[in-house]
Amino acid sequence: MSIFGPTEGFAAAFPDFPADLFIGGQWRPAASGRRIDVFDPSTGRRIIGIADASIEEGIAAVDAAHDAAQSWARTAPRRRSEILRRAYELMRDRVEWFAELIALENGKSLADARGEAHYAAEFFRWYAEEAVRVVGDLAVAPAGGNRMLVHYQPIGVSVLVTPWNFPAAMATRKIGPALAAGCTCVLKPATETPLTAYALAALLHEAGVPGGVVNVVTTSRSGAVVGAMLRDPRVRKLSFTGSTEVGRILLAEAAGQVVSCSMELGGNAPFIVFDDADHEAAIEGAMIAKMRNGGEACTAANRFYVQRASVDRFAEALAGHMSALVVGDARRAETQLGPLINGGARDKVGELVQDALARGARRLVGGGAVPGEGYYFSPVVLVDVPHDARVLNEEIFGPVAAIVAFDTEDEAIELANQTEYGLVAYLYTGDLARGLRVSERLEVGMVGLNRGLVSDPAAPFGGVKQSGLGREGGHHGLLEFMEAKYIATQW
Ligand code: NAD
């Protein structure tokens, strides 16, 4: 059975799309028969109903992961590497298929979805390469007598929880390193975008991943099902990507069994432009940092701080680019900006704009919620935004740019750091010394220095403060799924 047919007219053309739970290498319907409806944000219409797992079915997935754990941990790294490489090749060959599916259930434009599918596949390639590069240490103890041997072992059964905004990449960014490290896992994707996760399960199965190594369960009771998994002593790792609010709940739940946690949480990224910056490059970077994924990204530029002499020119240029974007159905080729994920998201973005206007901000580009089918929101650019406006203090998650002027370098740094979040900051300047000096003082896990995009499977992605714990990508991402074992030796 192959699910990788044409995506046009999804449900009808996909009689074989399982839409069931994937446990122990088998597709199985939820025993209750309950299904969760999945909607197309471009039309608001139902696409398909997927299985709604119970707590028992969540634990059955942990059973399957546990049963497969020893054999997968013992599988030669070279073999694990080859399977991941095969997964990369299969996904690379089906980028268009995945792009269609992502655009359908998430609503991002096809161009964005294509970008995500490539990015997601690259995690399989990178971790295929990392699987055979796990190196330990051997040192002479400072006292001189004995030797200290350190080697890395798979941490064990891992629960992976992912958000809707990058349905493919957030899953492969976890599955890739987990499998490379020798861990088995249970993936619980967001109920808004489960189809991509199930398609990845089918692809990994085809690539040769043995049954039980990757399990996927969807549920309408995330809290109860994930909570039960975290109380199961066989689960040793939680890798979560989502909101800070849910991350806090899960950290508390993970404390019960002292489960190792990697948390990729929310952001409130500043985008700083100094007067000495290359204006064209700053605008180009601003459009990428703001509009990748239609603004629905944890890395999205949320607050634009522009030095006083450049602010009018920057705001006008950004307004020009934002208002020129073609808004429409995500799967139409000409669309540059698809809908937001659902009606609630559209209402929240609208409220943030209204709040800023009520507090005295000026609107350079109109836009706002578009009435009718689908959850469209055309771009808005705000200037003179007061510091207490919600738009500067909460994740916008939509196509709204809020611009504030600043005077000095110290002021820019102070403003940028005035948030509980610390994921990423962007900074444009023609003076490299200033760029590095400011980068060092920004309280973030990542800096885009004269770049509007930081994501790269080979780099450690993650935040400080309330944006999270741990790193994904690069060699760091592999170590999140491993434990160091120290063997004190005497010979
Ligand atoms: P969310 O926190 O609502 O949900 C994330 C996942 O957690 C989903 O699978 C959801 O079903 C599940 N979940 C919700 N409540 C739960 C509970 N009580 N127990 C267990 N699981 C639960 O986030 P979202 O709305 O899907 O995604 C948007 C958020 O994700 C934003 O805050 C964004 O910044 C963040 N995000 C962060 C990164 C990063 O790498 N730092 C990347 C993408 C998204």
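We count ligands from 1, going down the list as the structure has it; atoms in each ligand are counted the same way. Throughout, numbering of the chain's residues begins at 1 and tracks the sequence.
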Discussion item. Strictly below 4.0 Å, N to O, side chains only: are D20 and R35 in salt-bridge contact?
Written reply: yes
Worksheet entry | From R248, M229, K188 - option closest to atom 10 (C) of ligand 1 by heavy atom | K188
Fill in: atom 4 (O) of ligand 1 protein-contacted, heavy-atom criterion under 4.0 angstrom
no
Discussion item. Checking a contact table here: which protein heavy atom is nearest atom 41 (N) of ligand 1, and how many Å away?
Written reply: L265 O, 2.7 Å
Worksheet item: Just distances here: any N/O of S467 and N/O of ligand 1 closer than 3.5 Å?
Response: no
Discussion item. Does the residue M263 have a heavy-atom contact with ligand 1, meaning some pair of atoms that are separated by less than 4.0 Å?
Written reply: no
Worksheet item: Any idea which atoms of ligand 1 are less than 4.0 Å away from a heavy-atom of V161?
Response: 6 (C), 7 (O), 9 (O), 12 (C)
Worksheet item: Would you say the side-chain atoms of S42 and Y375 include a donor-acceptor pair closer than 3.5 Å?
Response: no
Worksheet item: Quick one: do the R236 and Q257 side chains pair a donor with an acceptor below 3.5 Å?
Response: no
Worksheet item: Where on L250 is there a heavy atom closer than 4.0 Å to ligand 1, on the side chain, on the backbone, on both, or on neither?
Response: side chain
Discussion item. Can you confirm, on distance only, whether ligand 1 has an N/O atom lying under 3.5 Å from any N/O atom belonging to T241?
Written reply: no
Worksheet item: Does ligand 1 have any atom that is closer than 4.0 Å to a heavy atom of F166?
Response: no
Item to complete: Please confirm whether F240 comes within less than 3.5 Å of ligand 1 when only nitrogen or oxygen atoms on both sides are compared.
Response: no
Practice prompt. Take every heavy atom of P189, measure it against each atom of ligand 1, and state whether any distance is under 4.0 Å.
Written response: yes
Worksheet item: What protein heavy atom is closest to atom 21 (N) of ligand 1, reported as residue, atom name and distance in Å?
Response: S222 CB, 3.7 Å
Worksheet item: M170 heavy atoms, cut-off 4.0 Å: which ligand 1 atoms fall inside?
Response: 42 (C)
Worksheet, complete the sentence: Looking only at protein heavy atoms, what sits closest to atom 16 (C) of ligand 1 is V246 CG1, 3.4 Å
Item to complete: Please verify whether a non-hydrogen atom of T191 lies at under 4.0 Å from ligand 1.
Response: no
Worksheet entry | Electrostatic pair E96:R114 at N-O distance under 4.0 angstrom | yes
Practice prompt. List every atom of ligand 1 that sits less than 4.0 Å from any heavy atom of G266, numbering the atoms from 1 in the order shown and giving each element.
Written response: 32 (O), 34 (O)
Worksheet item: At a non-hydrogen distance cut-off of under 4.0 Å, which region of E245 contacts ligand 1 (side chain, backbone, both, or neither)?
Response: neither
Discussion item. Measuring centre to centre across the rings, with the benzene-like ring taken for any Trp, is F271 within less than 6.0 Å of F304?
Written reply: yes
Worksheet item: Would K174 and T241 count as having a side-chain donor-acceptor pair, cut-off 3.5 Å?
Response: yes
Worksheet entry | Test: R292 cationic atom under 6.0 Å from Y119 six-membered ring centre, within 45° of axis | yes
Worksheet item: Does CD belonging to E420 count more than 12 external heavy atoms closer than 6.0 Å?
Response: yes
Response to the item:
Nearest non-hydrogen contact to atom 32 (O) of ligand 1 from the set E395, E192, E264, R173 belongs to E395
Discussion item. To check your reading of the model: name the closest protein heavy atom to atom 36 (N) of ligand 1, its residue, and the distance in Å.
Written reply: C298 CB, 3.6 Å
Worksheet item: Is the cationic atom of R173 (NZ for Lys, CZ for Arg) positioned less than 6.0 Å from the six-membered ring centroid of F461 and within 45 degrees of its normal?
Response: yes
Item to complete: Could you find the nearest protein heavy atom to atom 27 (O) of ligand 1 and give me its residue, atom name and distance?
Response: P163 CB, 3.3 Å
Discussion item. When you compare the side chains of E105 and T196, does any donor N or O come within less than 3.5 Å of an acceptor on the partner?
Written reply: yes
Worksheet item: Does the gap between the ring centers of W164 and F39 come in under 6.0 Å?
Response: no
Fill in: Distance filter under 4.0 Å to N165 heavy atoms, resulting ligand 1 atoms
43 (C), 44 (C)
Worksheet item: Between Y88 and F123, does the ring centroid distance fall short of 6.0 Å?
Response: no
Fill in: Side-chain donor-acceptor contact under 3.5 Å, N302 with N268
yes
Fill in: Flag for T419-K465: side-chain donor and acceptor within less than 3.5 Å
no
Fill in: Proximal ligand 1 atoms for F397, defined as those under 4.0 Å from one of its heavy atoms
28 (C), 31 (C), 33 (C), 34 (O)
Worksheet item: Going by the angle between their ring planes, with limits at 30° and 60°, are H205 and F22 parallel, tilted or perpendicular?
Response: perpendicular
Discussion item. Under 4.0 Å from a heavy atom of G223: which atoms of ligand 1 are those, numbered in the order shown and with their elements?
Written reply: 17 (C), 18 (N), 19 (N)
Worksheet item: Tell me, which protein residue and heavy-atom name are nearest atom 25 (O) of ligand 1, and how many Å apart are they?
Response: W164 NE1, 2.9 Å
Worksheet item: Nearest to atom 8 (C) of ligand 1, what protein heavy atom do you find, and at what distance?
Response: T162 O, 3.3 Å
Discussion item. Quick test: of every protein heavy atom, which one is nearest to atom 23 (O) of ligand 1, and how far off is it to 0.1 Å?
Written reply: S243 N, 3.5 Å
